2 protein chains.
Amino acid sequence: MATKRLGTGIRRDQIAEAALEIVRSKGTRGLSVAAVAKKVGIVPSAVYRHFRNKDDIVTAVLQLIQSRLNANFQAVKHQEIDALDKLHRLLHHHIELIAGNNAIPRIVFSEEVLGGMPEKQAELYAIIQDVLSHVAAIVGDAQSVGAVRKDLSPEDVAVAFFGMIQPAAIIWHLSGGAFDLKHHAESAWRLFYDAVRVRGEP
Amino acid sequence: MATKRLGTGIRRDQIAEAALEIVRSKGTRGLSVAAVAKKVGIVPSAVYRHFRNKDDIVTAVLQLIQSRLNANFQAVKHQEIDALDKLHRLLHHHIELIAGNNAIPRIVFSEEVLGGMPEKQAELYAIIQDVLSHVAAIVGDAQSVGAVRKDLSPEDVAVAFFGMIQPAAIIWHLSGGAFDLKHHAESAWRLFYDAVRVRGEP
DNA sequence: AATTTAAGTGAATAACTATTCACATAGAAA
DNA sequence: TTTCTATGTGAATAGTTATTCACTTAAATT
């Protein structure tokens, strides 16, 4: 009735944010075009002025997630600290991101994505590859200053880094918040650090 | 028309297996009562002779998964080997289980379970807790024979063990099988082993 | 001010969902 | 053989879903 008209640029952002918020609170099962429209304050059919179809919305949500992840890398990238410290801070940034918005693990592992068409799967794979390559680059830096063992491949270490975050997110989510994410992050980091660093004196 | 009649005991098993297979091939999104019925060779309404509702089927699938996981623990439990070797073999068993049937990560992270009612979430949480406690017990054994550092809590180590498997499963699934699961398992194990074991001479 | 454009509406559709129910009958028990 | 019971059937229901379409109209463009 009295809905303000807004350009597609703005609406696309609003819709993607609304979709992310719905996933956070209701899960991907609750992510319907109708729900998104309601949250934005328009009628379902109006959504199709700004997105081809629902899949297109999911893609936009994935991009939103990617941009949030990238923000974490940027936050750490130019700090004048040891490469291993960068990883340590990165770990905490990611843990906080997840703790503040469990939509990320929810959508990343959802059937909406995993069970969908191969293209959607490829989109997510690209995001994860991107994250892994960022981490691997930092590991490479740490190796070149002699902080990390050179007999480890940076890619393998990156997957291990991923392994500190992802299972914890799942357990935390399942536990309804009872699982202590921060404690786990510290304990996992100690293990990781001990495994990865150059020991003693050469 | 010419469908053989079978007792509920048999049908329940058939239906649970069919459901697991459907999740493997089509994802939880493809898991409908109609699809399960078709795979078993009966009509959808006949399913309700053996299960209260769809939720009940999902519960049966979770139990099936739990029993497969437990088989891995049993396979390792009574072998006369070092506690750390047990973990190593367990790792490979789990990796093979996943490689042979990615229904497990798919359902474990699906909204069918996570997004559903709290009870279903609790069921899955119980399964994961069970797995973690099995691993923690083995870690405890390893500590008492002096193979694993005593300053680590077995529970924390168990989560780290989980972290070797779960992210690899996701990446492998997304990569369409291109990601080398076995290689990852070995590399992750080396890291884990170095981090966890008692080093040098006291 | 007149015209064009693109955003929003409400109704309709077609496909799918889980679930129920009256009925039929195979196979076990009597 | 007859009776009983539990398994299977097909049709119906009520719900949700994404998506389309003819239409209205706000706001930008001329």
Side-chain angles (χ1 to χ4, degrees), chain A residues 1-20 22-23 25-62 107 110-113 115-117 119-120, chain B residues 1-20 22-23 25-62 107 110-113 115-117 119-120:
Chain A
M1 244 195 179
T3 310
K4 256 249 178 109
R5 290 197 180 184
L6 297 171
T8 277
I10 296 167
R11 281 292 192 224
R12 279 187 68 95
D13 288 354
Q14 285 184 348
I15 290 169
E17 301 266 7
L20 187 66
I22 287 166
V23 171
S25 56
K26 317 265 181 195
T28 50
R29 268 293 160 92
L31 181 62
S32 64
V33 176
V36 172
K38 191 175 178 183
K39 176 143 281 181
V40 171
I42 57 181
V43 99
S45 59
V47 171
Y48 289 84
R49 297 279 167 218
H50 313 293
F51 287 91
R52 241 182 254 285
N53 50 37
K54 192 187 167 184
D55 242 52
D56 208 13
I57 299 175
V58 174
T59 298
V61 173
L62 284 180
I107 200 161
S110 74
E111 282 301 316
E112 207 72 49
V113 177
M117 306 102 295
E119 330 131 21
K120 197 118 275 88
Chain B
M1 244 189 179
T3 309
K4 258 249 176 106
R5 289 196 181 186
L6 298 171
T8 277
I10 296 167
R11 281 293 191 220
R12 279 187 67 96
D13 288 353
Q14 285 185 347
I15 289 168
E17 301 266 7
L20 187 65
I22 286 166
V23 171
S25 56
K26 316 264 182 195
T28 50
R29 267 293 160 90
L31 181 63
S32 65
V33 176
V36 171
K38 190 175 178 184
K39 175 142 280 180
V40 170
I42 57 181
V43 100
S45 58
V47 170
Y48 290 84
R49 297 278 168 218
H50 313 293
F51 287 91
R52 240 181 253 283
N53 49 37
K54 191 187 166 184
D55 245 50
D56 208 12
I57 299 175
V58 174
T59 298
V61 172
L62 284 180
I107 202 164
S110 77
E111 284 300 314
E112 204 73 47
V113 177
M117 306 101 294
E119 331 129 20
K120 202 117 272 97

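The structure presented is a predicted model; accordingly, all values stated were derived computationally and were not measured. Naming: A, B, ... by sequence-line order, numbering from 1 per chain.
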Those residues that, when tested against A:K39, pass side-chain contact (heavy atoms from CB on, under 4.5 Å) (two or more places apart): A:A18, A:E21, A:I22
Donor-acceptor pairs under 3.5 angstrom involving side-chain atoms of residues 43-50 of chain A: please list them, not counting sequence neighbours.
| from | atom 1 | to | atom 2 | distance (Å) |
| --- | --- | --- | --- | --- |
| A:H50 | ND1 | A:T8 | OG1 | 2.8 |

Separation of atom CZ in B:F51 from atom P in C:dT20, rounded to whole Å: 15 Å
Criterion side chain to side chain contact (heavy atoms under 4.5 Å, CB included) on A:L31 and A:V36, from CA distance to verdict: CA-CA 7 Å; A:L31 181 62; A:V36 172; 3.7 Å; yes
Interatomic distance, B:I57 CD1 vs C:dT19 P [rounded to whole Å]: 8 Å
Distance below 4.0 Å between B:H50 side-chain N/O and D:dG8 OP1 or OP2: yes
Interatomic distance, B:K38 NZ vs D:dT9 C1' [rounded to whole Å]: 17 Å
A:K120 side chain reached by A:T59 side chain, heavy atoms, under 4.5 Å: yes
Earlier contact from the 5' end, DNA chain D, for B:S45 and B:G7: B:G7
Whole-Å distance separating the CZ atom of A:R49 from the P atom of D:dT19: 15 Å
Taking only nitrogen or oxygen atoms into account, show me every contact under 3.5 Å that the protein makes with nucleotides 14-18 of chain C, one pair per line with its distance.
| from | atom 1 | to | atom 2 | distance (Å) |
| --- | --- | --- | --- | --- |
| C:dA18 | OP1 | B:V33 | N | 3.3 |
| C:dA18 | OP1 | B:K54 | NZ | 3.3 |
| C:dA18 | OP2 | B:V33 | N | 3.3 |

Nearest heavy-atom neighbours spanning A:A35 and A:G30: CB-O, 3.7 Å
Any pair counted as side chain to side chain donor-acceptor pair (under 3.5 Å), so long as it reaches residues 11-20 of chain B, sequence neighbours left out: B:R11-B:Q14, B:E17-B:R68
Euclidean distance, atom CZ of residue A:R11 to atom C1' of C:dT9 [Å, nearest integer]: 13 Å
Least distance between heavy atoms, B:I57 atom then B:A19 atom: CG2-CB, 4.0 Å
side-chain N/O B:R52 vs C:dT19 OP1/OP2, d < 4.0 Å: no
A:V33 backbone acceptor or donor facing A:K38 side chain under 3.5 Å: no
End-to-end axis angle, where each axis spans five pairs of the helix from C:dA18-D:dT13 to C:dA30-D:dT1, to 10°: 20°
Integer-rounded Å distance: C:dA7 P and A:D13 CG: 14 Å
A:I10 CD1 - C:dA6 C1' separation (whole Å): 14 Å
Annotated protein contacts, base or backbone, on nucleotides 25-30 of chain D with a non-hydrogen cut-off under 4.0 Å, one of B, S, - each: BB----
